[in-house]
Amino acid sequence: MADQITITLPDGSCRVMANGSTAADLAADIGPGLARAALVAEVNGIERDLATTLDDGDEVAIVTADSPRGLYTLRHSTAHVLAQAVLDLYPGATFAIGPPIEDGFYYDFALPEGQTFSDEDLERIEAKMREIVAADQAFERHDTTAGEALELFSAHPYKCEIIRSKADPGEVSTEGAVSYYSNGDSFVDLCRGPHVPSTGRLGAFKLMRVAGAYWRGDERQPMLQRIYGTAWASDKDLRAHLHRLEEAARRDHRRLAHELDLVSWPEELGSGLAVWHPRGAAVRQVMEDYSRKRHADGDYQFVYTPHIAKSGLWETSGHLDYYADSMYPPMELDGATYYPKPMNCPFHVLIYKSRQRSYRELPLRLFELGAVYRYELSGAVHGLLRSRGFTQDDAHIFCTKDQTVDEISSLLDFVLSVLRAFGFGEFEANLSTKPEEKYVGADDDWDAATDALRVALDRSGIAYELDEGGGAFYGPKIDIHVRDAIGRRWQLSTLQVDFQLPQRFDLEYVGADGQRHRPVMVHRALFGSVERFFGVLIEHYAGAFPTWLAPVQVEVLPVAETHDDYAVAVAGRLRGEGYRVEIRPAEESLGARIRKAKVEKVPYVLVVGDDDIANGTVGVNARGSEVERGVPVDRFLERLAADVDEHERV
RNA sequence: GCCUCCGUAGCUCAGCUGGUAGAGCGACGCUCUCGUAAAGCGUAGGUCAUCGGUUCAAGUCCGAUCGGAGGCUCCA
């Protein structure tokens, strides 16, 4: 056996090492900085512990916390320490799984006699974890057989279940052999690995919360106690993450909706049902007006439909077969059964069907701001983002097969253009294709429609992911996601081809050939839900709406009562131009009034006093800029107009 | 729907191991009439989410219901 081995590094260079060297030795050989930062190694494309002995000819990359893989391992190892702490502190506790997740990790436990964790427990556990980290215990890998592992984990039924089923490749190596890791005196955890070399490499973590979670995510299985934590490469990263969470909490639309007097959720109404206050309604009106204008420009025709319909409609549409669980319960009236609508599509279909259609009418685009009701599970309801009653900016396009590609392409442009006007600039899409098993429609049609969606996405230039088999049973779809001001991803728009409803309702048009043909139907919503979109806007702008959307665009503050008449005149002039203006009279100090206007995030605060009356000017205190005195009203109006028009120029 | 946690004045919150409620902001009233992020004084306001139970006594303990939060599941 040669006493030297040659290792290839990611940059293609080679390094000669003594036989028996480990990945850790390699890192040390490359440099002390890397040795300190090294967490795991990728050996021939497979992640290994740093203690892994290298073979001649191996291609090795040293992984640090700078890479997503390194962070992943760091979080995984931190999860182990969490389990170690819990098992140490709670005799009789058993543990299930503990994977890394985005931003952190979790671990599922079962405490004896159904005990639960409290916030105080989290502090205790976290303190114990810090002891384990301080002790710098080495993580050691052990390879064994399933039989031995069952013996070793005999006190932990969930671990045994994992070993027996081997169903979860994330936890047990697939070769039939089983690996586990030990650290400290007695802690062992079933694990595929790899892990960081020792607990001393961890530290920038924090336990966040405790929650219930079903074993294997199955609601028939026991509910376990899940502890969530976050872990980072450095304290600085951890602090930045916690800061992001605070920022997100600060932007929470439920909190801002209350502070800015936009909407509320009276308990008397029921869960998931909101009322819109004048200020929220003002923003909504601007949103809806803009939407209508754009749809009118886009050759949509506006329709209105009722909120309930007889059961027969929902039988024909298939909703009662596929969607009944999410529908509000039926009402019996005059011997008929009525359901509140969860979707608008069947109504639009009936409008299409109201008379014979010619190919000359297609594409026919029917648009409605349609209120729908869906019985969302109580645990799923979340402010405006997930409510039980909401309004879709819903349209259904009926077109010929040949028109589908162009229609979808221009539709996608339309969607993106509207979203840009609302201040979103970063888009990502999902293209969901035909499900494996249950679907309606011919394969050829599916292929054609999916191609149409793909071509449209390619033309638009936005990044998209393919969700193979993720489409609805009735057709392929594109979902559009946006990134908000702090980088969070929200699904807003959806664009779905439907082969099913035209068939179920036996839709037809008469073609140029005089024959009857079946149209293709496209469902699409831009906001998705007006409520949800508004909620996302609130969080995106942190309540500081751009001027065109702001519920109050200008607030006029007379310095003293003697300036009231002038304030009224200025406000009247602005209102005459169509702006939303309020006057805050001099009943309290100017400073206090300015503060209130600022807290309400009003874009323009105008202060008017003696000088202004004399010169026909206003003092302009604009959100986010310096105070300007003596601005002529005309000049302010120009500025305001330019500001309001800004969103149209994106 | 399931699990855990939570629900005290309009809002934010205090109220130790059970002994019949407090603050700040806001509201209202009076004073101040003021040039760019909180003027001063005073007053009112709570069957402690609701219902039931334990107890001599419940905001505090127990149960149910309603509402909320975070998860799980769901979101064709």
Side-chain angles (χ1 to χ4, degrees), chain A residues 101 106 108 110-111 114-119 121-122 208-228 249 252 254-255 258-259 261 264-273 317-319 321-326 342-343 374-383 385-386 432 435 438-440 470-475 477 479 491 494 496 498 500 523 528 532 555 557-564 585-600 602 605-612 618-623 626-630:
Chain A
I101 53 174
Y106 67 80
D108 287 346
L111 294 178
Q115 291 172 59
T116 59
F117 293 119
S118 66
D119 290 347
D121 288 321
L122 288 191
M208 302 301 284
R209 62 177 60 91
V210 54
Y214 299 110
W215 167 237
R216 293 204 183 282
D218 183 339
E219 57 189 321
R220 292 163 304 191
Q221 299 275 8
M223 176 74 67
L224 304 174
Q225 287 277 300
R226 175 171 297 178
I227 294 176
Y228 282 93
D252 190 310
R254 294 161 303 182
R255 169 203 176 110
H258 172 255
E259 286 176 5
D261 198 15
S264 63
W265 293 267
E267 202 173 303
E268 292 86 336
L269 287 187
S271 178
L273 300 169
S317 70
H319 284 93
D321 287 339
Y322 292 97
Y323 205 70
D325 286 350
S326 296
M343 294 188 194
R374 297 184 184 177
Y375 184 74
E376 299 289 352
L377 292 179
S378 61
V381 168
H382 182 86
L385 302 180
R386 193 82 174 270
S432 305
K438 208 168 142 192
Y439 62 91
V440 298
F473 70 91
Y474 55 75
K477 64 172 180 177
D479 292 318
Q491 189 198 318
T494 181
Q496 315 189 348
D498 187 341
Q500 134 123 340
H523 307 246
R532 179 179 156 81
E555 206 158 279
L557 313 186
V559 172
E561 266 171 37
T562 51
H563 312 119
D564 279 357
E587 286 160 356
E588 50 200 332
S589 73
L590 184 63
R593 286 179 287 151
I594 286 173
R595 179 167 193 280
K596 281 176 183 168
K598 291 295 179 186
V599 167
E600 286 169 14
V602 175
V605 177
L606 302 186
V607 174
V608 294
D610 290 337
D611 301 348
D612 298 298
V618 291
V620 179
N621 185 338
R623 194 172 60 197
E626 297 292 305
V627 171
E628 276 180 80
R629 289 281 297 271

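Just so you know, these numbers come straight off a predicted model, no measurement behind them. Letters A, B, ... mirror the listed sequences (proteins, then strands); counts begin at 1.
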Exercise. So what does A/Asp321 hit on the nucleic acid, given a heavy-atom distance under 4.0 Å: a base, only sugar-phosphate, or nothing?
Worked result: nothing
Exercise. Base, sugar-phosphate, or nothing: which does A/Gly475 touch, judged by heavy atoms less than 4.0 Å apart?
Worked result: nothing
Exercise. If you look at every strand shown and take non-hydrogen atoms under 4.0 Å, does A/Ala586 touch a base, only sugar-phosphate, or nothing?
Worked result: base
Exercise. B/rG40 P sits how many Å from A/Glu588 CD, rounded?
Worked result: 12 Å
Exercise. At under 4.0 Å between heavy atoms, what does A/Tyr228 touch on the DNA or RNA strands: base, sugar-phosphate, or nothing?
Worked result: sugar-phosphate
Exercise. Who does B/rC30 pair with, Watson-Crick or G-U, both distances under 3.5 Å?
Worked result: B/rG40
For this session: Look at the side chain of A/Asp612 against the base of B/rG35 and say whether a donor-acceptor pair falls under 3.5 Å; ignore hydrogens and angles.
Result: yes
For this session: Could you work out which one of B/rU36, B/rA76, B/rA38 sits closest to the side chain of A/Leu590?
Result: B/rU36
Exercise. Across all strands, who's sitting opposite B/rC66 as a Watson-Crick or G-U wobble pair, both distances under 3.5 Å?
Worked result: B/rG7
Exercise. If we take the P atom in both B/rA38 and B/rG15, what is their distance in whole Å?
Worked result: 30 Å
For this session: Remember a base hit wins even if backbone is also touched, and classify A/Ser378 as base, sugar-phosphate or nothing at under 4.0 Å, heavy atoms.
Result: base
Exercise. Taking atom P in both B/rG35 and B/rG29, what distance in whole Å separates the two?
Worked result: 24 Å
Seminar exercise, completed: Result for 5'-nearest mapping on RNA chain B, choosing between A/His563 and A/Tyr323, is A/His563
Seminar exercise, completed: Winner on side-chain proximity to A/Glu561, out of B/rA37, B/rU33, B/rA76, is B/rU33
Seminar exercise, completed: The Watson-Crick or G-U wobble partner of B/rU20, with both key distances under 3.5 Å, is none
Exercise. If we take the P atom in both B/rU12 and B/rG52, what is their distance in whole Å?
Worked result: 28 Å
Exercise. Quick one: does A/Val559's side chain get under 4.5 Å of A/Asp610's, heavy atoms only?
Worked result: no
Exercise. Should B/rG45 form a Watson-Crick or G-U wobble pair with both distances under 3.5 Å, which nucleotide is its partner?
Worked result: none
Problem set entry | Same-atom distance (P) from B/rG24 to B/rU50, integer angstrom | 25 Å
For this session: Look at the side chain of A/Tyr214 against the base of B/rG1 and say whether a donor-acceptor pair falls under 3.5 Å; ignore hydrogens and angles.
Result: yes
Exercise. When the distance from CD1 of A/Ile594 to P of B/rG35 is rounded to whole Å, what number comes out?
Worked result: 10 Å
Exercise. For atom C1', what is the distance between B/rG26 and B/rG45, given to the nearest Å?
Worked result: 11 Å
Exercise. When you measure from the side chain of A/His319, which nucleotide among B/rA76, B/rC11, B/rU33 comes out closest?
Worked result: B/rA76
Problem set entry | From B/rG35, B/rU33, B/rA38, nucleotide with atom closest to A/Asp611 side chain | B/rG35
Problem set entry | pair A/Leu590-A/Leu557: side-chain heavy atoms closer than 4.5 Å | yes
Exercise. Could you give the CG-to-C1' distance, from A/Asp479 to B/rA76, as a whole number of Å?
Worked result: 12 Å
Exercise. Quantified in whole Å, what is the P atom distance between nucleotide B/rG42 and nucleotide B/rC5?
Worked result: 44 Å
For this session: Could you check how far NZ of A/Lys598 sits from C1' of B/rU36, rounded to whole Å?
Result: 9 Å
For this session: Test A/Glu588 against every option in A/Arg595, A/Arg593, A/Lys596 by the salt bridge (Lys or Arg N to Asp or Glu O under 4.0 Å) rule and name the one that passes.
Result: A/Lys596
Exercise. Starting at CZ of A/Arg216 and ending at C1' of B/rC3, how long is that distance when rounded to a whole Å?
Worked result: 19 Å
Problem set entry | Separation between the P atoms of B/rG1 and B/rC61, rounded to whole Å | 25 Å
Exercise. If you measure from the C1' atom in B/rU20 to the same atom in B/rU55, how many Å do you get, rounded?
Worked result: 14 Å
Exercise. With respect to the side chain of A/Val381, which nucleotide from B/rC74, B/rG68, B/rG35 is positioned closest?
Worked result: B/rG68
Exercise. For A/Trp215 and B/rG71, what is the distance between atoms CH2 and P respectively, to the nearest whole Å?
Worked result: 21 Å
Seminar exercise, completed: By nearest-nucleotide position on RNA chain B, the 5'-leaning member of A/Trp265 and A/Gly609 is A/Gly609
For this session: Identify whether any heavy atom of A/Arg254 sits under 4.0 Å from a base atom; if not, whether one sits that close to sugar-phosphate; answer base, sugar-phosphate or nothing.
Result: sugar-phosphate
For this session: Compare the minimum distances between each of B/rC34, B/rU36, B/rA76 and the side chain of A/Tyr322, then state the nucleotide with the smallest one.
Result: B/rA76
Seminar exercise, completed: Of B/rA37, B/rC72, B/rU36, the nucleotide closest to the side chain of A/Val599 is B/rA37
Exercise. Within this structure, what is the CG-to-P distance between A/Leu377 and B/rG70, rounded to whole angstrom?
Worked result: 16 Å
Seminar exercise, completed: Among the nucleotides B/rC72, B/rG70, B/rU36, whichever has the atom closest to the side chain of A/His382 is B/rG70
Exercise. What does A/Gly591 touch in the nucleic acid at a heavy-atom separation under 4.0 angstrom: a base, only the sugar-phosphate, or nothing?
Worked result: sugar-phosphate
Exercise. How many angstroms lie between CG in A/Leu224 and CZ in A/Arg216, if you round to the nearest 0.5 Å?
Worked result: 10.5 Å
Exercise. Between B/rC75 atom P and A/Leu385 atom CG, what is the distance in whole Å?
Worked result: 19 Å
For this session: Would you tell me if any nitrogen or oxygen in the side chain of A/Ser326 comes within less than 4.0 Å of OP1 or OP2 on B/rA76?
Result: no
For this session: May I ask you to say what A/Asp325 touches in the nucleic acid, namely base, sugar-phosphate or nothing, with a heavy-atom cut-off under 4.0 Å?
Result: nothing
Exercise. Counting N and O atoms only, with roles assigned by atom type, does the side chain of A/Arg254 sit under 3.5 Å from a partner on the main chain of A/Gly383, one being a donor and the other an acceptor?
Worked result: no
Exercise. Where do A/Gln491 and A/Arg532 come nearest, in terms of heavy atoms and distance?
Worked result: O-NH2, 2.8 Å
Exercise. Who is the Watson-Crick or G-U wobble partner of B/rC72, with both distances under 3.5 Å?
Worked result: B/rG1
Exercise. What is the nucleic acid contact for A/Arg629, judged by heavy atoms within less than 4.0 Å: base, sugar-phosphate only, or nothing?
Worked result: base
Exercise. When you measure from the side chain of A/Ser589, which nucleotide among B/rA38, B/rU36, B/rG67 comes out closest?
Worked result: B/rA38
Exercise. So, A/Arg226 versus A/Tyr228: side-chain donor-acceptor pair below 3.5 Å or not?
Worked result: yes
Exercise. Testing A/Lys598, A/Glu555, A/Glu628 for side-chain hydrogen bond (donor to acceptor under 3.5 Å, both in side chains) with A/Asn621, which one passes?
Worked result: A/Lys598
For this session: Please report the C-alpha distance between A/Glu259 and A/Arg255 in whole Å, then the side-chain angles of each, then the deciding distance to 0.1 Å, and finally whether the salt bridge (charged side-chain N to carboxylate O under 4.0 Å, His left out) criterion is met.
Result: CA-CA 6 Å; A/Glu259 286 176 5; A/Arg255 169 203 176 110; 3.2 Å; yes
